[in-house]
Amino acid sequence: MLPVIILAAIAGVRSAFTLSAGDAKATVYTNCLVDGTAAITLDDGPYKWIKNVSDTCTNSGANCTFFVNGYNWDCIYDTAQQDGLKYAYGKGHQIASHTWSHPDLTTLNQTAMEAEMDKVDLALQRILGVTPSCLRPPYGNYNDDVRMVAASRNKSLILWDFDSGDSTGSTPQQSEDMYDQAKASETGTLLALNHETSNTTVFEVLPYAIKVLQAYGYVLVTVAQCLGIEPYTSITEPGKPNVSWHC
Ligand SMILES: *[C@@H]1O[C@H](CO)[C@@H](O)[C@H](O)[C@H]1NC(C)=O
Ligand SMILES: *[C@@H]1O[C@H](CO)[C@@H](O)[C@H](O)[C@H]1NC(C)=O
Ligand SMILES: *[C@@H]1O[C@H](CO)[C@@H](O)[C@H](O)[C@H]1NC(C)=O
Ligand SMILES: *[C@@H]1O[C@H](CO)[C@@H](O)[C@H](O)[C@H]1NC(C)=O
Ligand SMILES: *[C@@H]1O[C@H](CO)[C@@H](O)[C@H](O)[C@H]1NC(C)=O
Ligand SMILES: *[C@@H]1O[C@H](CO)[C@@H](O)[C@H](O)[C@H]1NC(C)=O
Ligand SMILES: [Zn+2]
């Protein structure tokens with residue numbers, strides 16, 4: 001019986017897809033393309049330290065990138081999170097999408113996958129007036145369906161070529177050692193994964209990483225700048241909060 005049940009389950013998921021194999025697939029970037037650049041990225045916010053991160057980047061002359069969720073550690077519509085996003089965006093850091101609720105997108109049907117992208121876009125259109133061009137799939141997991149849904153929204157998928165290990169148990173010392181070793185990257189660029197929800201990342205590793213990478217000669221730019229692409233697919237006026245702005 002089991003194979004039949006599995007086949008039926010797979011068929012059920014597939015029937016929800018209106019996309020077909022010939023549709024456009026989003027570009028997947030795993031590394032920076034502009035020589036001599038490094039992009040420091042911070043996932044899973046907005047969270048209570050986003051202004052601290054923004055300040056650390058700004059005060060070092062670094063442009064950073066935030067891959068934000070709608071409702072993961074915090075709700076994007078909380079006043080503090082809206083403020084934090086406006087603050088970081090206003091300082092020239094890039095705001096990108098990391099999906100609404102941080103699921104493994106490859107496990108979702110098309111409708112759910114679209115909602116995961118669209119709800120974050122709506123929130124960022126309301127709060128900042130922008131639609132992000134960059135999407136980081138949670139856990140780095142994607143397949144052709146994810147790429148097609150992203151492409152239909154003019155988004156690129158952004159992975160990384162360096163993981164600070166801050167979501168998988170590395171100590172701050174280990175993360176710093178990894179930055180020391182990674183700086184001499186063969187590609188001459190670095191696309192670094194970090195999490196703004198880790199206090200040791202925010203207050204210890206990030207300042208260290210910025211110092212080490214700049215001393216080595218990298219220019220610290222946003223993901224869009226290190227790829228030579230636009231950060232947003234649209235820029236308009238932000239909205240005014242009302243009762244429909246909730247998680
Ligand atoms: C898609 O997945 C969601 C969440 O699991 C489910 O509620 C919905 O019924 C599914 N839609 C289709 C068309 O299968
Ligand atoms: C973090 O930023 C807040 C202001 O947003 C500030 O009050 C606080 O002192 C900062 N924390 C550290 C450890 O720098
Ligand atoms: C940061 O981005 C701004 C544009 O938003 C740009 O003018 C500046 O040169 C960038 N900083 C670096 C270090 O490239
Ligand atoms: C995607 O980009 C194309 C070409 O710039 C544009 O015509 C289309 O409206 C865009 N679609 C979305 C969903 O942004
Ligand atoms: C960071 O987390 C540790 C352990 O939970 C805690 O002891 C420390 O006070 C925290 N630091 C900040 C700045 O929140
Ligand atoms: C809330 O604001 C949005 C625009 O941000 C608007 O489209 C919507 O109609 C408003 N809803 C209510 C209930 O006022
Ligand atoms: Zn994440």
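Values below: all heavy atoms of this structure, side chains included; hydrogens, waters and symmetry mates excluded. Every number for a ligand or one of its atoms is a count from 1 in the order of the listing. Throughout, residue positions are numbered sequentially from 1 according to the sequence presented.
Set against the non-hydrogen atoms of Val221, the atoms of ligand 3 under 4.0 Å away are 14 (O). Every atom of ligand 3 with a heavy atom of Val219 under 4.0 Å away is listed here by number and element: 13 (C), 14 (O). Counting atoms of ligand 3 from 1 in the listed order, those under 4.0 Å from a heavy atom of Gly61 are 13 (C). The Leu220 neighbourhood of ligand 3 comprises atoms 13 (C), with distances under 4.0 Å to a heavy atom of that residue. Each of the atoms 11 (N), 12 (C), 13 (C), 14 (O) of ligand 2 lies under 4.0 Å from some heavy atom of Phe203.
The closest protein non-hydrogen atom to atom 5 (O) of ligand 3 is Gln225 NE2, 4.0 Å. Looking from atom 9 (O) of ligand 3 to the surrounding protein, the closest heavy atom is Asn63 ND2, 4.8 Å. The single protein non-hydrogen atom nearest to atom 14 (O) of ligand 4 is Asn154 ND2, 3.1 Å, given as residue, atom name and distance.
A salt bridge is defined here as a Lys NZ or Arg NE, NH1 or NH2 lying under 4.0 Å from an Asp or Glu carboxylate O, and Asp43 with Arg136 meets this definition.
Side-chain contact between Ser60 and Gln214: present, with at least one pair of heavy atoms (C-beta onward) separated by less than 4.5 Å.
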Checking Phe66 against Tyr89 for the ring-ring contact (aromatic ring centres under 6.0 Å, His included) test, could you report, in this order, the C-alpha distance in whole Å, the side-chain angles of both residues, the deciding distance, and whether it holds?
CA-CA 9 Å; Phe66 297 85; Tyr89 174 71; over 10 Å; no

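Side-chain contact check for Ser175 and Ser164: no donor-acceptor pair (N or O, by modelled atom type) lies under 3.5 Å. A donor-acceptor contact closer than 3.5 angstrom is absent between the side chains of Asn63 and Thr222.
Under a hydrophobic-cluster definition in which Ile, Leu, Val, Met, Phe, Trp and Tyr are linked whenever side-chain heavy atoms come within less than 4.5 Å, directly or via other members, Leu19 and Val146 are assigned to the same cluster.
Counting only heavy atoms, the protein never gets under 4.0 Å from atom 7 (O) of ligand 3. There is a protein heavy atom closer than 4.0 angstrom to atom 11 (N) of ligand 4. Of the protein's heavy atoms, at least one falls inside 4.0 Å of atom 2 (O) of ligand 3.
Within a 6.0 Å sphere centred on OH of Tyr29, heavy atoms belonging to other residues, nucleotides or ligands number more than 12.
Within the cation-pi definition used here (under 6.0 Å to the ring centroid, within 45° of the axis), Lys91 qualifies as a partner of Tyr87.
Put simply, OG on Ser167 and CG on Asn194 are 9.5 Å apart, with the number rounded to the nearest 0.5 Å.
Distances between N or O atoms of Lys51 and those of ligand 2 include no value under 3.5 Å.
In this structure, Ser152 has a heavy atom closer than 4.0 Å to ligand 4.
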